[in-house]
Amino acid sequence: MKVWRWWAKALGEKASKCDKESYDTGTIINQLKSTFTMKYQVKYLKPKKKTYSKQIATFYTIEDATLWEKYIQTQGCKESEIIVLIKS
């Protein structure tokens with residue numbers, strides 16, 4: 001099984017058109033989530049008067065992180081990225 005499919009499932013996407021593969025991937029992701037804590041960080045540059053300041057916001061769900069990223073982009077922030085943090 002390919003690692004990218006696990007991440008797709010972790011982010012809420014269906015991992016495959018095949019139901020069995022999606023079920024297997026979902027089972028593995030649920031085991032990983034119960035073993036590890038997943039957090040999502042949004043890193044971005046916030047505009048100041050003449051420069052930008054580096055900012056980091058941490059979320060427990062990918063949905064919250066993506067909503068925040070969309071919001072900060074409307075506020076003129078640049079170079080935003082979402083990073084997945086995994087802790088055991």
Side-chain angles (χ1 to χ4, degrees):
M1 182 157 320
K2 306 220 183 228
V3 174
W4 68 268
R5 291 184 187 196
W6 294 353
W7 286 115
K9 187 63 179 173
L11 297 174
E13 299 174 13
K14 188 171 181 182
S16 170
K17 291 182 180 180
C18 173
D19 288 336
K20 173 147 180 29
E21 187 177 9
S22 292
Y23 175 78
D24 292 343
T25 305
T27 302
I28 292 168
I29 292 300
N30 285 336
Q31 290 173 352
L32 287 173
K33 284 185 176 181
S34 65
T35 306
F36 300 101
T37 302
M38 293 179 71
K39 292 182 186 177
Y40 305 90
Q41 277 190 344
V42 180
K43 293 185 177 183
Y44 59 96
L45 295 177
K46 183 178 178 180
K48 293 176 82 174
K49 291 181 182 178
K50 294 183 180 180
T51 62
Y52 289 87
S53 65
K54 184 178 178 182
Q55 301 290 317
I56 299 174
T58 305
F59 301 92
Y60 285 100
T61 64
I62 189 68
E63 293 84 7
D64 291 341
T66 54
L67 284 174
W68 181 253
E69 184 180 38
K70 288 178 184 177
Y71 171 73
I72 62 170
Q73 288 173 349
T74 63
Q75 301 300 308
C77 297
K78 294 185 176 183
E79 297 182 22
S80 63
E81 64 177 330
I82 298 177
I83 299 170
V84 179
L85 303 174
I86 301 175
K87 294 188 178 186
S88 58

Any side-chain heavy-atom pair from [X] and [Y] closer than 4.5 angstrom?
{"X": "L45", "Y": "C77", "answer": "no"}
{"X": "I82", "Y": "E69", "answer": "yes"}
{"X": "W68", "Y": "F59", "answer": "yes"}

Could you go through the side-chain contact (heavy atoms from CB on, under 4.5 Å) check for I56 and V42 one step at a time?
-> CA-CA 6 Å; I56 299 174; V42 180; over 6 Å; no

Step by step, would you call Q41 with L85 a side-chain contact (heavy atoms from CB on, under 4.5 Å)?
-> CA-CA 7 Å; Q41 277 190 344; L85 303 174; 3.5 Å; yes

M38 with Y60, same ILVMFWY side-chain cluster at under 4.5 Å = no

Of all residues at least two apart in sequence or in a different chain, which pass the ring-ring contact (aromatic ring centres under 6.0 Å, His included) check with Y52?
-> none

Neighbour count above 12 (heavy atom, 6.0 Å) for E79 CD | no

Taking only residues two or more places apart in sequence, or in another chain, which ones meet E81 in a side-chain contact (heavy atoms from CB on, under 4.5 Å)?
-> K43, I83

Can you name the side-chain hydrogen bond (donor to acceptor under 3.5 Å, both in side chains) partners of S53, sequence neighbours left out?
-> Q55

